[in-house]
Student: 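Have a look at this one.
Residue numbers count from 1 along this sequence. Excluded from the calculations below are hydrogen atoms, water molecules and symmetry mates; all remaining heavy atoms, backbone and side chain alike, are included.
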Amino acid sequence: MKMELLAPAGSMEKLKAAILFGADAVYLSGKEFGLRAFSDNFTLEEMKEAVGFAHGHQVKVYVTVNIYARNHDLENLPEYLRRLQEIGADAIIISDPGIVLLARETIPNMPIHLSTQANTTNWAAVKFWKELSVQRIVLARELSWPEIREIHEKNGAMELEAFIHGALCMSYSGRCLLSNYMTGRDANQGACAQACRWNYSLVEQKRPGEYFPILEDARGSYIFNSKDICLLAQIPLLDRAGICSLKIEGRMKSAHYVATIVKAYREALDAFEREPGNWQVEDRWLREIGRVSHREYTTGFFLGDDFQDAKVNLNSNENDRSHDFVGLVLGYDPDEKRLSIEQRNHFKKGDLLEFVPPQGENFTAAAVDLRNAQGEPAEAAPHPQEHVSIYSEKPAPPWTLVRRA
Ligand code: SF4
């Protein structure tokens with residue numbers, strides 16, 4: 001079976017980026033009942049528009065209803081679930097058994113995907129959820145591929161989804177109080193401040209302001225500072241393990257991030273579909289995923305405990321990226337040979353820019369003959385969101401990302 005590429009859609013722009021750059025399905029949240037409190041999230045009206053856009057491109061939309069509900073949350077839930085059905089969501093993602101029960105009663109034909117927050121780690125748990133008519137399990141990130149394979153062999157009909165790219169959490173699938181304790185932002189309500197990644201020291205009560213280092217090495221202590229997971233090179237093993245859907249993490253990441261990661265995995269997956277026996281990871285895909293903001297990459301738990309790949313980043317708690325996202329192509333005028341660009345970050349005349357179209361090869365070009373929205377020569381675009389144009393022999397389609405090394 002062809003594996004699905006599932007991408008995060010934290011806003012309408014990110015949804016369109018994910019779809020145009022090659023996702024088979026997207027997941028998003030409404031304003032209510034979903035985690036990720038700080039992503040933009042969709043009103044029901046926006047969700048309807050999002051579903052229309054996605055279905056127009058043969059892409060599925062899964063809606064998260066994955067809060068751990070308190071009694072008072074349940075009151076408006078059936079009505080909300082009925083609305084999700086009406087607007088054409090393809091599945092709902094749930095963590096709470098109570099919400100699973102209410103969804104079964106209210107919208108019995110709607111496929112249910114069990115969220116990774118439900119921590120499914122063994123084949124018996126999968127059987128349990130199958131009896132409650134759950135159609136898909138988003139497996140816990142802590143599983144190795146032989147464990148996933150065994151789960152698949154014992155539950156052939158159950159769809160299995162796995163996180164393959166993005167932030168890892170040092171606690172079991174986000175069940176953590178650290179962020180809430182340190183900052184008041186609750187990870188279990190989708191508002192994690194990633195407090196686990198900070199650089200910690202020790203302070204003795206009678207010596208305020210004196211920080212005693214708790215050293216793992218000369219750089220400090222990053223005991224909980226997880227790397228990001230990346231399973232791009234593991235596509236054949238994901239297939240052998242019986243995974244049907246490959247999930248990219250990051251509804252709060254930028255449209256540039258989503259588009260770049262989706263495109264790299266799309267190309268890698270298409271190459272695997274064409275020639276599974278001869279597939280090898282290509283440097284250009286790895287280069288691409290290094291260009292967006294990320295932590296050092298790890299294969300997490302997927303290759304098992306025998307694989308000595310440190311999951312903790314001991315070098316830094318900062319993100320790396322080699323390129324800045326500076327604009328989005330709006331269109332190309334073939335007569336004038338000019339590319340119109342909506343500026344997102346500062347760039348200026350003469351900068352060497354890289355263009356990343358939704359499909360096909362990237363190309364580079366200098367920002368020659370930069371003009372402002374009025375068509376006047378300019379040294380730089382003054383404001384974010386400003387429309388500018390540059391001269392280019394080469395056309396680029398709308399939604400092409402523009403970035404600078
Ligand atoms: S603080 Fe760290 S461990 Fe806790 S939920 Fe957030 S990312 Fe996970």
Student: More than 12 heavy atoms of other residues, nucleotides or ligands under 6.0 Å from CZ of R149: is that the case?
Tutor: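 Yes - once you tally the heavy atoms of other residues, nucleotides and ligands closer than 6.0 Å, there are more than 12.
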
Student: CD1 of I99 to CG of L77: how many Å apart, nearest 0.5 Å?
Tutor: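 The CG atom of L77 is 5.5 Å from CD1 of I99, to the nearest 0.5 Å.
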
Student: Is it true that atom CD of E153 has more than 12 heavy atoms of other residues, nucleotides or ligands lying nearer than 6.0 Å?
Tutor: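 Yes, because the 6.0 Å sphere around CD of E153 holds more than 12 heavy atoms from other groups.
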
Student: Between the side chains of R284 and E267, is the shortest nitrogen-to-carboxylate-oxygen separation below 4.0 Å, so that they form an ion pair?
Tutor: yes

Student: Please tell me if the side chains of Q234 and L303 come closer than 4.5 Å, counting only heavy atoms from C-beta onward.
Tutor: yes

Student: Does NZ or CZ of K394 come closer than 6.0 Å to the centre of the six-membered ring of F355, within 45° of the ring's axis?
Tutor: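 Checked: cation-pi criterion not met.
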
Student: Within this structure, what is the CD1-CD1 distance for the pair I137 and I151, rounded to the nearest 0.5 Å?
Tutor: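 That separation rounds to 9.0 Å.
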
Student: Can you tell me how far the CE atom of M47 sits from the CG atom of N41, to the nearest 0.5 Å?
Tutor: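 Here the rounded value is 8.0 Å.
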
Student: In this structure, is the centre-to-centre distance between the rings of Y297 and H165 below 6.0 Å?
Tutor: yes

Student: Give, for atom CG of L114 and atom CG of L132, the distance between the pair rounded to the nearest 0.5 Å.
Tutor: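 Interatomic distance, L114 CG to L132 CG, rounded to 0.5 Å: 9.5 Å.
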
Student: Checking side-chain polar atoms at under 3.5 Å, does Y62 have a donor or acceptor matched by the opposite partner on H113?
Tutor: no

Student: Ignoring hydrogens and angles, tell me if any N or O in the side chain of S11 forms a donor-acceptor pair with the backbone of K14 under 3.5 Å.
Tutor: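 Yes: the side chain of S11 pairs with the backbone of K14.
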
Student: Is it true that the NZ or CZ of R344 lies under 6.0 Å from the centre of F325's six-membered ring and within 45 degrees of the ring axis?
Tutor: no

Student: Taking all atoms of both residues into account, what is the closest heavy-atom pair of A17 and A259, and its distance?
Tutor: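 What the structure gives for the nearest pair is CB-CB, 4.2 Å.
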
Student: Before giving the answer on side chain to side chain contact (heavy atoms under 4.5 Å, CB included), spell out for T116 and R141 the whole-Å C-alpha distance, their side-chain angles and the decisive distance to 0.1 Å.
Tutor: CA-CA 8 Å; T116 193; R141 298 174 208 208; 4.2 Å; yes

Student: How would you list all residue pairs meeting salt bridge (Lys or Arg N to Asp or Glu O under 4.0 Å) that involve residues 115-129, not counting sequence neighbours?
Tutor: none

Student: For the residue pair V262 and F21, what are the closest heavy atoms and their distance?
Tutor: CG1-O, 3.4 Å

Student: Tell me yes or no: between the side chains of Q343 and E386, is some donor less than 3.5 Å from an acceptor?
Tutor: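 The criterion, which ignores hydrogens and geometry beyond distance, is not satisfied for E386 and Q343.
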
Student: Atom CG of L139 and atom CG of N119: how far apart are they, to the nearest 0.5 Å?
Tutor: 11.0 Å

Student: Apply the test side chain to side chain donor-acceptor pair (under 3.5 Å) to residues H55 and D90: give CA-CA distance (whole Å), side-chain angles for both, the deciding distance (0.1 Å), then the verdict.
Tutor: CA-CA 10 Å; H55 287 179; D90 295 283; 2.7 Å; yes

Student: Cut-off 3.5 Å, side chains only: do R291 and T260 have a donor facing an acceptor?
Tutor: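 Short answer, no.
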
Student: Do the non-hydrogen side-chain atoms of F42 and E49 ever get within less than 4.5 Å of each other?
Tutor: no

Student: Search all heavy atoms of A380 against all heavy atoms of H346 and return the closest pair with its distance.
Tutor: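 Answer, listing the atom of A380 first, then H346: CB-CE1, 3.7 Å.
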
Student: Look at atom CZ of R404 and say whether more than 12 heavy atoms of other residues, nucleotides or ligands are closer to it than 6.0 Å.
Tutor: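 Check passes, neighbour count above 12.
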
Student: Check whether any side-chain N or O of S179 sits under 3.5 Å from a backbone N or O of A193 as a donor-acceptor pair, and report yes or no.
Tutor: yes

Student: Nearest 0.5 Å, please: how far is CG in D239 from CZ in F272?
Tutor: 4.0 Å

Student: Start with the C-alpha distance between R136 and S245, add both sets of side-chain angles, then the distance that settles side chain to side chain donor-acceptor pair (under 3.5 Å), and finish with yes or no.
Tutor: CA-CA 9 Å; R136 178 183 294 189; S245 179; 3.2 Å; yes

